Engineer: 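Sending over a structure as structure tokens; questions will come in a sec.
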Amino acid sequence: MPDLKQLHEAILNGDAKTAKATTEQALAAGIEPLKLVQEYMMPAMDEVGRRFECNEYFVPELLLAARAMKAALELLRPLLAAKGNEPVSRVALGTVKGDLHDIGKNLVGAMLEGGGFEVIDLGVNVSPEKFIAAVKEKNVNIIAMSALLTTTMPAMKTTIDAVQLAGIRQQVKILVGGAPITQKFAEEIGADGFSESAAGAVAAARKVAKA
Ligand code: B12
């Protein structure tokens with residue numbers, strides 16, 4: 001049985017090799033992928049954020065931690081995304097313009113895929129035009145936006161306004177999420193749904209898909 005605290009420590013220390021190896025051992029020992037994410041990996045990233053806030057960590061440490069998190073997540077992603085039997089709705093997922101954080105977005109994407117949604121991942125720094133093009137050209141019925149910076153939260157409203165202006169607001173539901181986003185903010189900008197977790201994102205997507 002692997003020592004799962006090692007996974008937490010490896011992410012904290014930006015040690016991608018150990019993060020990957022511990023994840024492999026944990027999976028081989030039959031530990032649930034979601035348990036690894038929720039109980040060890042996310043708390044490690046939260047601690048990284050806390051240290052960054054206290055000036056104990058700086059951008060290089062942040063980058064190394066993110067790289068270790070991604071290395072572990074890459075192994076889990078296909079498992080989290082193991083197909084369900086739901087009817088497929090198509091989601092265009094992206095981190096908004098000006099924002100390069102993609103760990104949460106990727107997790108949401110994997111969970112949505114696992115929940116039976118087809119996900120078109122538009123990546124990071126996604127402009128309103130790119131979201132609109134996905135709706136028009138790829139028959140997307142849900143836009144899911146992620147933002148991790150208070151300075152990029154307004155880009156969500158800009159995108160919703162642009163979707164409205166493009167005359168396609170009626171044909172698409174809009175979900176928002178990311179650490180600084182709240183239910184109140186989601187309502188204020190006219191989004192159709194919000195969740196603070198990747199698992200909750202699936203529930204929110206199901207809810208709006210039915211509406
Ligand atoms: C890793 C990280 C980075 C990495 C990102 C690497 C990558 N590929 O993503 C790097 C080093 C690049 C980075 C850069 C910066 N960062 Co940074 N970063 C973080 C950190 C430590 C972790 C973020 C993370 O991945 N969390 C783990 C994931 C799983 O959680 P999550 O993203 O919140 O996602 C979950 C939910 O929110 C939700 N969710 C997410 N998206 C969506 C979407 C939908 C539709 C739904 C429904 C749900 C949902 O589900 C997810 C899973 O449960 C946070 C601190 C923190 N604890 O949040 C700071 C943090 C976000 N960064 C911060 C800052 C300031 C920056 C920089 C400006 C630093 C600098 N001076 O250069 C730059 C900005 C670059 C840019 N333009 O984007 C600040 C933001 C402060 C603020 N108030 O805006 C934070 C909060 C750190 C801090 N405490 O000060 N960062």
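Since we're looking at a predicted model, the values are computed, not measured.
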Engineer: Is there a donor-acceptor contact under 3.5 Å from the side chain of Asp99 to the main chain of Ser146?
Structural biologist: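 The answer is no, because no donor-acceptor pair under 3.5 Å joins these two groups.
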Engineer: Hey, could you give me the CG/CZ distance between Leu112 and Arg206, rounded to the nearest 0.5 Å?
Structural biologist: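 Result: 9.5 Å between the selected atoms.
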Engineer: Please report the closest heavy-atom contact between Met156 and Phe185, naming both atoms and the distance.
Structural biologist: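 Scanning both residues completely, I find the closest heavy atoms to be SD-CE2, 4.0 Å.
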Engineer: Measuring from atom CE of Met42 to atom CD1 of Ile103, what distance do you get when rounded to the nearest 0.5 angstrom?
Structural biologist: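 The CE atom of Met42 sits 10.0 Å away from the CD1 atom of Ile103.
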Engineer: Which residue is it: Lys207, Lys173, Arg169? I am looking for the one with a salt bridge (Lys or Arg N to Asp or Glu O under 4.0 Å) to Asp192.
Structural biologist: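 Exactly one candidate clears the test, Arg169.
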Engineer: Is there a donor-acceptor pair under 3.5 Å between the side chain of Tyr57 and the backbone N or O of Glu47?
Structural biologist: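 No, the answer is negative, given that no donor and acceptor are paired below the 3.5 Å cut-off.
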Engineer: Check the pair Thr150 / Met153 against side-chain contact (heavy atoms from CB on, under 4.5 Å), numbers first and verdict last.
Structural biologist: CA-CA 5 Å; Thr150 44; Met153 286 167 66; 4.1 Å; yes
Engineer: Return yes if some donor-acceptor pair links the side-chain N/O of Thr95 with the main-chain N/O of His101 below 3.5 Å, else return no.
Structural biologist: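 Flag set: sc Thr95 to bb His101 pair under 3.5 Å.
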Engineer: If you count the non-hydrogen atoms of other residues, nucleotides and ligands that lie under 6.0 Å from CD in Gln183, is the total more than 12?
Structural biologist: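 Yes - once you tally the heavy atoms of other residues, nucleotides and ligands closer than 6.0 Å, there are more than 12.
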Engineer: Should the pair Arg50-Asp46 be classified as a salt bridge under the 4.0 Å nitrogen-to-oxygen rule?
Structural biologist: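 Looking at Asp46 together with Arg50, the answer is no, because their closest N to O distance does not fall below 4.0 Å.
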Engineer: Please assess Val208 against Asn141 for the test side-chain contact (heavy atoms from CB on, under 4.5 Å), listing each intermediate value before the final yes or no.
Structural biologist: CA-CA 10 Å; Val208 297; Asn141 5 50; over 6 Å; no
Engineer: Go through Val163 and Val135 one step at a time and tell me if the side-chain contact (heavy atoms from CB on, under 4.5 Å) criterion holds.
Structural biologist: CA-CA 9 Å; Val163 167; Val135 177; 5.8 Å; no
Engineer: Given 3.5 Å as the limit, does a donor-acceptor pair link the side chain of Glu74 with the main chain of Ala71, or not?
Structural biologist: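 Checking the backbone N and O of Ala71 against the side chain of Glu74, no donor-acceptor pair under 3.5 Å is found.
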Engineer: Answer yes if Met45 and Val108 sit in the same cluster of Ile, Leu, Val, Met, Phe, Trp and Tyr residues linked by side chain heavy atoms under 4.5 Å apart, and no otherwise.
Structural biologist: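 Result: yes, single cluster for both.
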Engineer: If Ile, Leu, Val, Met, Phe, Trp and Tyr residues are connected whenever their side-chain heavy atoms lie under 4.5 Å apart, and connections chain through other members, are Leu34 and Met69 in the same group?
Structural biologist: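 Yes, one cluster joins them.
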Engineer: Which heavy-atom pair separates Val202 from Phe117 by the least distance, and what is that distance?
Structural biologist: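 Distance-wise, the nearest heavy atoms are O-CE1, 4.3 Å.
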Engineer: Would you mind checking if Glu188 and Lys184 are paired as a salt bridge, meaning a charged N to carboxylate O distance below 4.0 Å?
Structural biologist: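 A salt bridge is present here (some side-chain N lies under 4.0 Å from a carboxylate O).
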Engineer: Would you find more than 12 non-hydrogen atoms of other residues, nucleotides or ligands less than 6.0 Å from Glu24 atom CD?
Structural biologist: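 More than 12 within 6.0 Å, yes.
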Engineer: Taking all heavy atoms of Ala19 and all of Ala10, pick out the closest pair and write down the distance.
Structural biologist: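 Looks like N-CB, 3.5 Å.
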Engineer: Evaluate side-chain contact (heavy atoms from CB on, under 4.5 Å) for Lys97 paired with Thr158, printing each intermediate quantity in order.
Structural biologist: CA-CA 10 Å; Lys97 193 165 180 187; Thr158 312; over 6 Å; no
Engineer: Check Ile11, Leu12, Leu4 against His8 for a side-chain contact (heavy atoms from CB on, under 4.5 Å) and give me the one that passes.
Structural biologist: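 With His8 as partner, side-chain contact (heavy atoms from CB on, under 4.5 Å) holds for just one option, Leu12.
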Engineer: Consider salt bridge (Lys or Arg N to Asp or Glu O under 4.0 Å). Of Arg90, Lys105, Lys130, which one does Asp121 pass it with?
Structural biologist: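 With Asp121 as partner, Arg90, Lys105, Lys130 yield a single salt bridge (Lys or Arg N to Asp or Glu O under 4.0 Å), made by Lys105.
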Engineer: Hey, what do you get for CD1 (Ile142) to CG (Leu93), rounding to the nearest 0.5 Å?
Structural biologist: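 The CG atom of Leu93 is 11.0 Å from CD1 of Ile142, to the nearest 0.5 Å.
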